[in-house]
2 protein chains.
Amino acid sequence: MAYHLYYWPGIQGRGEFVRLALEDSGADYVDVARQPGGMAEMVELMMGDHVAHPPFAPPFLKDGDVLVGQTAAILLYLAPRLDLAPTDEAGRLWVHQLQLTIADVVAEAHDSHHPIAASLYYDDQKPEAHRRAKEFRDDRIPTFLNWFERVLAPHIFLAGDQLTYADLSLFQLVEGLTYAFPRATARALAQTPRVVALHDTVAQRPRLRAYLDSRRRLPFNTEDVFRHYPELDA
Amino acid sequence: MAYHLYYWPGIQGRGEFVRLALEDSGADYVDVARQPGGMAEMVELMMGDHVAHPPFAPPFLKDGDVLVGQTAAILLYLAPRLDLAPTDEAGRLWVHQLQLTIADVVAEAHDSHHPIAASLYYDDQKPEAHRRAKEFRDDRIPTFLNWFERVLAPHIFLAGDQLTYADLSLFQLVEGLTYAFPRATARALAQTPRVVALHDTVAQRPRLRAYLDSRRRLPFNTEDVFRHYPELDA
């Protein structure tokens with residue numbers, strides 16, 4: 001039976017980390033909220049009184065009777081089914097730890113344009129975004145990418161010689177940062193050649209390449225978690 | 001062999017979620033950075049070239065050869081060893097999902113006083129903190145606590161009739177929010193009686209009570225993730 005992925009239609013967002021795992025594995029899945037009637041089904045699973053494990057927010061995944069939210073937890077669930085992580089406990093946890101660190105960067109990338117509240121418009125928090133984005137691009141982007149560079153030093157992939165979902169997610173992080181902060185990210189990537197090499201290796205995987213070239217891959221835009229506002233890049 | 005917990009000495013912070021799990025279980029552990037020479041050992045594990053799985057940041061846990069970082073991942077690792085989560089996959093993931101949602105609130109609580117950068121002082125970002133804290137206390141605190149209230153509706157504990165580490169963490173979240181935003185949190189808790197009841201139940205657990213009354217429990221302070229600045233509460 002197909003996996004059912006629930007996420008906001010129209011953006012890559014956090015859902016994209018799950019999509020990449022499903023697409024790279026050739027898994028059968030439905031991107032429910034992009035189908036007719038899908039948004040109502042998504043809201044019902046979040047709000048319905050009969051739902052035993054209601055997710056706080058999208059993305060979430062339904063696999064038969066199992067409903068799981070939080071991007072990193074979804075990937076933890078999918079990994080053994082899609083062969084995207086080691087099967088030993090320490091290896092599995094390490095990949096999860098990498099994913100949680102990527103999630104931290106993603107949250108910071110979001111807050112670089114929404115430092116006051118996600119519920120307000122960017123236009124309502126531009127001076128604050130200007131300050132926060134400067135810290136993010138001058139300090140946080142290099143700090144995080146340098147850490148991933150160090151992790152990659154002994155291996156091609158983050159957790160060894162086999163690709164895991166954390167590698168797909170690091171690819172997506174580089175994509176998102178490059179879209180949102182092209183100048184700052186290029187500067188940081190000039191210092192992290194292993195991160196660049198990993199990104200390029202992932203981009204050439206046949207199933208992923210086919211996905212990226214398809215209409216299923218939504219374009220980045222300024223409703224997304226990663227947003228390009230030229231005034232925030234420098 | 002004792003678990004070795006590594007976290008900044010002097011604050012509860014994210015390390016406290018791990019401490020509560022260890023303390024409530026009566027587990028044997030060393031809070032390494034609070035011992036003589038412990039800080040150097042902590043830094044070495046983060047920076048040493050020989051470390052295969054270097055944590056990005058504290059807290060992290062060492063258990064023999066296993067080194068695991070990220071608060072939620074540490075608790076995922078400890079849960080089966082301390083009997084603090086269901087053993088079936090769906091139950092285990094649900095508790096982890098709850099923990100990741102608590103981690104999201106904790107990150108937002110931190111950013112309420114540091115909306116621009118963790119590397120700057122609070123005094124360098126007071127106007128921005130004033131705005132973000134208002135959104136946090138008026139919108140986010142009630143939104144999150146109402147969600148936990150709903151999850152608690154059919155049970156005493158978050159994941160059923162047995163306590164899990166997510167319950168200990170929700171206790172700590174209520175403690176932290178009450179310290180940092182006493183007025184706003186009291187207003188939200190007046191609408192979430194099940195959250196209050198869970199907090200009070202956890203506080204009466206004998207081993208946890210003994211810990212809270214001991215010198216091992218550090219007081220909250222304004223170097224911590226949860227900070228009380230009266231001007232940010234209203």
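Source: prediction; values computed, not measured.
- Within the 4.5 angstrom heavy-atom criterion, atoms from both the backbone and the side chain of B:Val68 approach chain A.
- Using a 4.0 Å cut-off between a side-chain N of Lys or Arg and a carboxylate O of Asp or Glu, B:Arg81 and A:Glu89 qualify as a salt bridge.
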Exercise. Checking side chain to side chain contact (heavy atoms under 4.5 Å, CB included) for the pair A:Leu100/B:Leu100: CA distance, chi angles, key distance, verdict?
Worked result: CA-CA 9 Å; A:Leu100 289 171; B:Leu100 289 170; 3.5 Å; yes
For this session: Evaluate salt bridge (Lys or Arg N to Asp or Glu O under 4.0 Å) for B:Arg132 paired with A:Asp111, printing each intermediate quantity in order.
Result: CA-CA 11 Å; B:Arg132 180 149 184 163; A:Asp111 284 8; 3.2 Å; yes
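- Summarising the local packing, CZ of A:Arg187 is surrounded by more than 12 heavy atoms from other residues, nucleotides or ligands at distances under 6.0 Å.
- Of the two parts of A:Thr143, the backbone and the side chain both hold a non-hydrogen atom closer than 4.5 Å to a non-hydrogen atom of chain B.
- Using bins of under 30°, 30° to 60° and over 60° for the plane-to-plane angle, the ring pair B:Phe56/A:Phe144 lands in the parallel bin.
- Across all non-hydrogen atoms, the minimal contact from A:Ala73 to B:Leu93 is O-CD2, 3.6 Å.
- Atom CG of B:Asp65 has 12 or fewer neighbouring heavy atoms from other residues, nucleotides or ligands inside a 6.0 Å radius.
- Annotation: maximal heavy-atom pairing with chain A below 4.5 Å, among B:Pro115, B:Ala133, B:Ala117, occurs at B:Pro115.
- Most heavy-atom pairs under 4.5 Å with chain B, from the set A:Trp94, A:Phe136, A:Tyr77, A:Trp147: that is A:Trp94.
- Each of A:Arg92, A:Gln97, A:Glu135 has some count of heavy-atom pairs under 4.5 Å with chain B, and the biggest count is that of A:Gln97.
- Contacts of B:His130 with chain A are absent, with no heavy-atom separation under 4.5 Å from either backbone or side chain.
- Contact annotation for A:Ala52: only backbone heavy atoms (N, CA, C, O) come within less than 4.5 Å of a heavy atom of chain B.
- The shortest non-hydrogen separation linking B:Arg150 to A:Pro54 is NH2-CB, 3.3 Å.
- If you measure heavy-atom distances from B:His96 to chain A, the contacts under 4.5 Å come from the side chain alone.
- For chain B, no part of A:His155 is nearby; none of its heavy atoms comes within less than 4.5 Å.
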Exercise. Does the pair B:Leu76 and A:Leu76 meet the rule for a side chain to side chain contact (heavy atoms under 4.5 Å, CB included), with working shown?
Worked result: CA-CA 11 Å; B:Leu76 187 70; A:Leu76 186 71; 3.7 Å; yes
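- Residue contact with chain B, scored on non-hydrogen atoms closer than 4.5 Å, involves the side chain of A:Leu120 exclusively.
- Counting heavy-atom pairs closer than 4.5 Å to chain B, the top-ranked of the candidates A:Pro55, A:Ala153, A:Ala72 is A:Pro55.
- Between B:Asp104 and A:Gln70, the closest side-chain pair of non-hydrogen atoms falls below 4.5 Å.
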